[in-house]
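One structure, as structure tokens, below. Some questions next.
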Amino acid sequence: MFSKILIANRGEIAVRIIKTCRRMGLATAIVYSEADADSLAVEMADEAVFIGAAPAAQSYLDSAKIIDACRRTGAEAVHPGFGFLSENATFARALEADGIVFIGPNPHAIEAMGDKIQSKKFAQKAGVSTVPGHVGEIEDVAHALTIAGEIGYPVMIKASAGGGGKGIRVAWKPRDVEEGLPAVRAEAKTSFGDDRIFIEKFIESPRHVEIQVLGDKHGHVVHLFERECSIQRRNQKVIEEAPSPLLDAKTRKAMGEQAIALARAVGYDSAGTVEFVAGQDRSFFFLEMNTRLQVEHPVTELITGVDLVEQMIRVAAGEPLPFTQSDLKISGWAIESRIYAEDPYRGFLPSIGRLVRYHPPQEGEAGQAVVRNDAGVREGDEISIFYDPMISKLSTWAPTRDAAIEAMGEALESFHIEGLGHNIPFLSAVMDQDRFRSGELSTSYIADEFPEGFHGVRPTAFQRDLMTAVACAMHRTLTARAAPQLLRQDWVVIENGDKRLARVAAGGGALTVEFLEDARTLRLEAVDWRPGRPTFSGILDGRRFTAQVRPAAEGFVIRHRAAQARVLVLSPRSAELHEKLPPKMAADTSKMVLSPMPGLVVSIDVREGQEVRAGEAVAIIEAMKMQNIIRAERDGVVKAVSASAGDSVAADEVLVEFA
Ligand code: ADP
Ligand code: ADP
Ligand code: MG
């Protein structure tokens, strides 16, 4: 076994790897860029080596610097995590040449599977069912049109070197091929430095099911069952689970066997993932193989009890796998939610900044369930523009899928983040959806369920009661300090504009809120909150909950899961005055196109007087190294253009105004 391992990565995956190394008694060294000098991973590692400026090309992607860091620290092996150099065969070979072990598969396997056209050829030879299509390079538009016609529309145009959801385009008709081929080629060229393209059948509303495989250097290969990752936006995963609600034992066995056959065909000797798209009828087709640890590996660990990082290290050191296929069993159900610094209310655009508050839920056992949070951040850390905007990966395990979803809902409820936009309300909304609970998933789930985008959800009757009770409890605590004589009167509670008259009383460890109009009483117990705290937990009529709370003018803003309301608690006298106040009008922004995030204007694509249709591109804003196309939300005629290429704009700054 090695004595010291160098981690060529950052953030949550670096922390994840360090945890296993510590448990195994291995020393750790980490490399870091300027942006990560104060990171949790650097703090946790035994040694840290500075390798350069924040842009990845100057640090985490510079293999010479990483090899040099190995020499300086005496590390005998490198764990690359995922992204960066994890699927770079040249890097793996360079390490080998220096006598350093790459904790991943052999370079030949990386090369064979790193290219989608080539891996499809391998898969076909190994007897794996592949997506119908043309297994070869597309020469030009005329060639593409012929192939697409042969396959039958819709088809998918893909970059052979693609990854991370980039370099993919669906074509529904010849015109889309004509437009799409040059676009994918250009994206492939800039993102991957390789513009080879292929075309395959687009499987409509499929499910994404993938098999975790694990091999050693002695010819043993096992699979650790499947994960389903159908909840995606922009072809990128957001919610994953294991096992898959789609598979039956027969399909699971067939998929597992095909994945093992492919792994054997390339002499696979580490942890890897064979991805498939599957139809609702359980037909399935090979997509690609990822020759690395996968982002969503925790769900597999939770249902199998196997530490995948530990096994990667052991097989890299030459140890044989300690189990055979028949030793492996699925236990219970696990779900992972990727918590991203992004704004779910604005098309999931990145929303970066400082984690002014960061309180993840308690990890470990929670009743029958288990909560795990893989994070590389602490309160006060910055989610920078240079890397993936993931904040953490929250996973829950329970004996059944329903219980795991329930546990996820609760864990998300008590996850508190302030300072930047995050997708927790969106993830909560999905957990509460009947369709998600039924397991009828598809990669078009988000588009199907949120066709107009995500705008929060309407509070349920229980949530309205909860918000009222929480507001009354907070108001009571604050009033008891400031003006205890006011505690005896009735209160008017206005929740999202709806008025209710309430009588609030405390005693016997509970707070009761009596609605005077309909003679109903709520009972709030086990309150855990004090002024200034952003989370409020308690038991309302027997149901445990946590709400996110913050003071607002005359009241509070309360969020429970995906529902949010502004709640005012007023004396009857101030309620009367409140009614007489002219309502504050929100500015009418419906006729404006606003920049959804701070960034640089790359171009404004409309001019004054131009007629624009909903969905048409109005501007391109660059933020976090990504060009974001800003589209018109409605039809209209451009009245004024307020920004131009080269301008820096703030979030909500007006770009274009319609007449
Ligand atoms: P997974 O299947 O593990 O979710 P993804 O394909 O989403 O994998 O990629 C995992 C990570 O690696 C992401 O952070 C993604 O940004 C990065 N990544 C994967 N492939 C590439 C690539 N070819 N170029 C740049 N980044 C990549
Ligand atoms: P990446 O390397 O970027 O992860 P993949 O080939 O794995 O690229 O595709 C990413 C996602 O795009 C898949 O998870 C799936 O949702 C969708 N996808 C890819 N190929 C197809 C296809 N032929 N039909 C339907 N959906 C597809
Ligand atoms: Mg993929």
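Whatever order the structure lists ligands and atoms in, that order sets their numbers, starting from 1.
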Next on the checklist: Give the atom numbers and elements of ligand 2 that come within less than 4.0 Å of a heavy atom of Pro206.
Outcome noted: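 Once the distances to Pro206 are compared, the set is 25 (C), 26 (N).
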Item to check | Per-atom contacts of ligand 2 with Lys116, taking only distances under 4.0 Å to non-hydrogen atoms | outcome: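 By the 4.0 Å cutoff, the relevant atoms are 1 (P), 2 (O), 5 (P), 6 (O), 8 (O).
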Checklist entry - Quick check: does Ile203 get an N/O under 3.5 Å from an N/O on ligand 2? => result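 Yes, there is a polar N/O contact under 3.5 Å.
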Next on the checklist: Show me the pairs that pass side chain to side chain donor-acceptor pair (under 3.5 Å) and involve residues 446-457, at least two apart or across chains.
Outcome noted: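 Every side chain to side chain donor-acceptor pair (under 3.5 Å) pair that includes a residue of residues 446-457, provided the two are not neighbours, is Arg435-Asp448, Arg435-Glu449, Ser444-Asp448.
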Item to check | Nearest candidate to atom 9 (O) of ligand 2, where distance is taken over non-hydrogen atoms, out of Asn235, Val131, Val170, Ile168 | outcome: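 Minimum heavy-atom distance to atom 9 (O) of ligand 2 goes to Ile168.
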Item to check | Sub-4.5 Å side-chain heavy-atom contact between Phe436 and Ile231 | outcome: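 Of all side-chain heavy-atom pairs linking Ile231 with Phe436, at least one is under 4.5 Å.
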Next on the checklist: Contact between Ser244 and Arg282 at the side-chain level, heavy atoms closer than 4.5 Å - yes or no?
Outcome noted: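 No. Closest side-chain heavy atoms not under 4.5 Å.
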Checklist entry - Are Glu204 and ligand 2 in contact, using a heavy-atom cut-off of under 4.0 Å? => result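 It does not, in that no heavy atom of Glu204 comes within the 4.0 Å cut-off of ligand 2.
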Next on the checklist: Restricting to N, O or S atoms, which atom of Glu275 is closest to the Mg ion (ligand 3)?
Outcome noted: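 The atom in question is OE1.
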Checklist entry - For Gly165, is at least one N or O under 3.5 Å away from an N or O on ligand 2? => result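 N/O-N/O distance under 3.5 Å: yes.
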Checklist entry - Going by the order shown, which atoms of ligand 2 are within less than 4.0 Å of some heavy atom of Thr443? => result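 Answer, ordered by atom number: 16 (O).
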Checklist entry - In ligand 2, which numbered atoms sit nearer than 4.0 Å to a non-hydrogen atom of Lys158? => result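 So the answer, numbered in order with elements, is 6 (O), 19 (C), 20 (N).
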Checklist entry - Against heavy atoms of His208, which atoms of ligand 2 measure under 4.0 Å? => result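 It comes down to these atoms of ligand 2: 13 (C), 14 (O).
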Checklist entry - Using the benzene-type ring in the case of Trp, are the ring centres of Tyr345 and Phe454 under 6.0 Å apart? => result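 Yes, they do, as the ring centres are separated by less than 6.0 Å.
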Checklist entry - Does Tyr340 have Arg233 sitting over its ring (NZ/CZ under 6.0 Å from centre, angle to axis within 45°)? => result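 Yes.
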Next on the checklist: Can a side-chain donor-acceptor contact be found between Tyr445 and Gln433 if the only test is distance below 3.5 angstrom?
Outcome noted: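 Checked: Gln433/Tyr445 side chains pair up, N/O donor to acceptor below 3.5 Å.
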Next on the checklist: Which atom name would you report as the N, O or S atom of Glu288 nearest the Mg ion (ligand 3)?
Outcome noted: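 Nearest N/O/S atom: OE2.
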Next on the checklist: So if I count the atoms of ligand 2 from 1 in the order they appear, which ones are less than 4.0 Å from some heavy atom of Glu200?
Outcome noted: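 Near Glu200, the atoms of ligand 2 are 20 (N), 22 (C), 23 (N).
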Checklist entry - Closer than 2.8 Å to the Mg ion (ligand 3), do we get an N, O or S atom from Glu210, backbone or side chain? => result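 So Glu210 does not bind the Mg ion (ligand 3) by this criterion.
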Next on the checklist: Taking 4.0 angstrom as the limit and counting only heavy atoms of Gly163, give me the atoms of ligand 2 inside it, by number and element.
Outcome noted: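 The list of qualifying atoms is 1 (P), 2 (O), 3 (O).
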Pair up each side-chain donor or acceptor in residues 261-269 with any protein partner under 3.5 Å, not counting sequence neighbours, and list the distances.
unit_1: Arg264; atom_1: NH1; unit_2: Gly219; atom_2: O; d: 3.1
unit_1: Tyr268; atom_1: OH; unit_2: Ala271; atom_2: O; d: 2.9
unit_1: Asp269; atom_1: OD1; unit_2: Asn106; atom_2: N; d: 2.9
unit_1: Asp269; atom_1: OD1; unit_2: Asn106; atom_2: ND2; d: 3.2
unit_1: Asp269; atom_1: OD2; unit_2: Asn106; atom_2: ND2; d: 3.3

Checklist entry - Do Gly164 and ligand 2 have an N or O pair less than 3.5 Å apart? => result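 It does: an N or O of Gly164 is found under 3.5 Å from an N or O of ligand 2.
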Item to check | Heavy-atom side-chain contact between Phe450 and Pro344 under 4.5 Å | outcome: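 No, their side chains stay 4.5 Å or more apart.
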Item to check | Verdict with supporting geometry, Phe198 and Val135, side-chain contact (heavy atoms from CB on, under 4.5 Å) | outcome: CA-CA 7 Å; Phe198 69 105; Val135 191; over 6 Å; no
Checklist entry - What atoms in ligand 2 come closer than 4.0 Å to a heavy atom of Glu288? => result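 The atoms of ligand 2 under 4.0 Å from a heavy atom of Glu288 are 1 (P), 2 (O), 4 (O), 5 (P), 7 (O), 8 (O).
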Checklist entry - For Asp248, does the CG atom have more than 12 heavy-atom neighbours from other residues, nucleotides or ligands under 6.0 Å away? => result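 Atom CG in Asp248 is packed in, count exceeds 12.
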